[in-house]
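Remarks on the structure that follows.
Each ligand, and each atom within it, is numbered from 1 in the order the structure gives. Nothing fancy with the numbering, it's 1 onward along the sequence. Because only heavy atoms are used, hydrogens play no part in the values below, and waters and symmetry mates are left out as well, while side chains stay in.
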Amino acid sequence: MDIDERLYTIRQISALIPTVRISIADDTATVATLLFDSRKLSDTVHGLFFALEGRRDGHVYISDAYAQGVRNFVVAESKVDVSAFPDANFLVVQDTLEALQTLAARHRDRFMHPVIGITGSNGKTVVKEWLVQLLSPEYHIARSPKSYNSQIGVALSLWQLDGTSDLAIIEAGISRPNEMGALQRMIRPDIAVLTNIGSAHDEGFSSIDEKITEKLKLFEGAKIAVFPPVHLRGIPMPTAKQQLTWGVDEGKLRVTAHQLLDGNRCRIHARYQNEELTVIIPFTDAAARENAVCCWAVMLAMGYEQKVISERMVLLQPVEMRLEMKKGINQCTVIDDSYSNDLSSLAIALDFLQQQQQHTKLTLVLSDIPSATFYEDNIYEKVSTLLKNSGISRLITIGPTLLKHASKFAFLTHEAFLDTQSFLSEFPSLTFQDEAILLKGARKYAFERISRLLTAKSHDTVLEINLNAVEHNLNQYKSLLSPSVKLMVMVKAFSYGSGSFEVANLLQFNKVDYLAVAYVDEGVELRKAGIQLPIMVMSPRPTSFDALLAHRLEPEIYSFAILTDFVGVLIERGLSDYPIHLKLDTGMHRLGFSIQDIDLLINYLKDTSAVKVQSIFSHLAAAGTPVHDSFTETQLASFGEFAERLSTTLGYPVIRHIANTAGIQRWPQAHLDMVRLGIGLYGIGNEGGQMLFLQPASSLKTTVIQTRKVAAGESVGYGRRGLLSRDSVIATVSIGYADGYDRRFGNGVGQMTIGNATVRTVGDICMDMTMLDVSGLDVKEGDEVTVFGNVEKLAKTIGTIPYELLTGISQRVKRVYYYG
Ligand SMILES: *Cc1c(COP(=O)(O)O)cnc(C)c1O
């Protein structure tokens, strides 16, 4: 396979996939890039858009993609009127996902080198990345970017195979029955690897055995099978020419013992072919040991000598795959993605960069991309093409090869440095101001040094927000809604403490219908940051009507006083049909018009054209509390009646909504025209009703700033409340009640985790610090401490609710966003 084989003509593509009909307007079209999301289009000229029918039907986005320049489409039969796009090519198929997968499979067929396929419940990505570290001295390896292991992700991973690599490592992940068959037909691994199988059965499987059987389908046809038999529970493995089993006290590579060498390393002993073997790895935890043994088995199966294996294992590096977004110096945002540097991960990171809208200026700091010299020219040609489509205006390169190829980047401001050190020495003379800076460097260029210079110094306590988890939770709730139900997301109180802009940006990207904030100021901030979605303001004040109108914010109107004030302002300005949202009180007794007000309200609204009722809504007081279900039913009934009367007299359609997070989950009949999702977005509030799989989205972390030994009988902290009954080791961490760590967590009520250990507070919580009892643990200054991962449990220990804990985290705590 040579380098450019990813360029297919449209005719070649139509011959490779099973089409029902084709409609070719331009025979000369060539395809290099596969597209399926109209929000993330790159290389549109050579793009082939697959209209996939997932949660959203991709056919709806064809005109969107067409408007952005895409001219090649794969669509399902009778879904599109192709005559509406006369100069575009259409391949009509039975099933668009199957067509994508077939194309990927045919492309993979042309790759003549070994392919390693990895599956398992945990550790796939780590094993993949470690194998890359371990095998790269001999091979140029193509691998799934990040954890692209789904039905679509695997197809895209295979599509990037080309002549620059001579080994491919592909992850395969499944969550439902019958998925592995499709993945196996695409990947056709020569070496199939199973990492492990978790004890729980996933969403879609009826039993663990069913899940194991499904995962094992990856092994069909593989020449070499590497797996831990203990996880198979006796289910037979498809036969492979060579099997390398591994496990503790069983298998061909039989682990007999492990021994901690110091705080950070451990030695693993095993027997293999009647020999005693050992490796040392720079990790100690059980998951790392298991992943390392799995890699060890793969290397033995590939014929590596033990000497080479142990030399390399000791150098294994942690897999840092998160793409971190941090606040930078001089109003910059730094996106740190320097765990790897290859073309496909560069494309993903550029894509992410473009989605950020805080800054108009986009900067890329890029290191040389490791590759064989032979392909250099070609690789940098491709980087150049990627950058042309990316909106990047400033490029800083580090490394001799990029320096040599500088002429390829003449179209942008390019500053080239020979190595990281020379960049660091020049740093004081460079300016970075109000730009989004993407750091993309291969490991050996140590970009963490650059990252440190570019990120603002701050307080050591951070709230980490996993935007993938937020997106996942959003989709979990969406899955409960029928397609016609709109979704409003509550981003009040700084998005429940998680940071308004970043969360709102993600929601905008995911095309939710509405956002809601508490105050006009919050809405103004979102507008200034580029959020275009309609925004409802729940507590508008007459003093803020100017700002509200200037930023196209839509007020919640809950009383005649506010209604007449607002209408007055609109008439003064000569405005009409301004969207408002009417709040009705059906039992919460907080804000809203009462049932008795309805006739008056109807008459008033009939007489004015200043406002247009966009929606009418109410709020459930106890949607998540089963003992009050009959009360909730009364609220629903009274809202229904209210809404009915209002909408018939208004004579135009209005959106009706009443369900919050708990209402979405427990009251399908309350979904009406729209729902209002709040705390569920952060993975909290699984209230029963429909089963959901939520992921906690935020964790609060701090750092140990000092440790000391304190003798029994001494006390710790103010008022001497932390009296010690034994000799103890006390660690002081930099979080206190001014950060939002409640004083009620003092004196042993609060727990934090350091490594795998749970520790308790000692004495009163101070304003900026808290003391922990870490006796018997190996805790040092600088160690990371998790204050919470699970807020629900924590909230209970001090008799409050997760809402209060989340929104109480002070603004001085830095928010760090990542895609985990
Ligand atoms: C905050 C709020 C919600 C969301 O509530 P959750 O319990 O967080 O889902 C919905 N509607 C109104 C009016 C709210 O104030």
What are the atoms of ligand 1, with element, lying closer than 4.0 Å to any heavy atom of [X]?
X: Tyr496; result: 1 (C), 4 (C), 5 (O), 6 (P), 8 (O)
X: Met538; result: 13 (C), 15 (O)
X: Tyr803; result: 6 (P), 7 (O), 8 (O)
X: Ile679; result: 6 (P), 8 (O), 9 (O)

- Query: For the side chain of Asn790 and the backbone of Glu792, is there at least one donor-acceptor N/O pair under 3.5 Å apart?
  - Reply: yes
- Taking every heavy atom of Val613 against every heavy atom of Tyr652, the minimum-distance pair comes out as N-OH, 2.8 Å
- Between His657, Lys492, Met536, which one has a non-hydrogen atom sitting closest to atom 2 (C) of ligand 1?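 Heavy atom nearest to atom 2 (C) of ligand 1 belongs to Lys492.
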- Message: Between ligand 1 and Gly678, is the shortest N or O to N or O distance under 3.5 Å?
- Response: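 Gly678 vs ligand 1: N/O contact under 3.5 Å present.
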- Looking only at distance, does Ala662 have an N or O less than 3.5 Å from an N or O of ligand 1?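 So ligand 1 has no N or O lying under 3.5 Å from an N or O of Ala662.
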- Note on the structure: Residue, atom and distance of the protein heavy atom nearest atom 11 (N) of ligand 1 read Arg676 NE, 2.7 Å
- Task: Around atom 12 (C) of ligand 1, find the nearest protein heavy atom and jot down its residue, atom name and distance.
- Result: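 I find the closest protein heavy atom is His619 CE1, 3.4 Å.
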- Validation row, ring centre Phe593 to ring centre Phe560 under 6.0 Å: yes
- Item | Met488 touching ligand 1 at heavy-atom level, < 4.0 angstrom |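 Per 4.0 Å heavy-atom rule, Met488 does not contact ligand 1.
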- Side chain, backbone, both or neither: the part of Arg590 lying under 4.0 Å from ligand 1 by heavy atom: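 For Arg590, only side-chain atoms sit under 4.0 Å from ligand 1.
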- Item | Exceeds 12 heavy-atom contacts within 6.0 angstrom, atom OH of Tyr519 | no
- Message: Around atom CG of Asn603, are there more than 12 heavy atoms from other residues, nucleotides or ligands closer than 6.0 Å?
- Response: yes
- d(Asn473 CG, Ile679 CD1) to nearest 0.5 Å is 11.5 Å
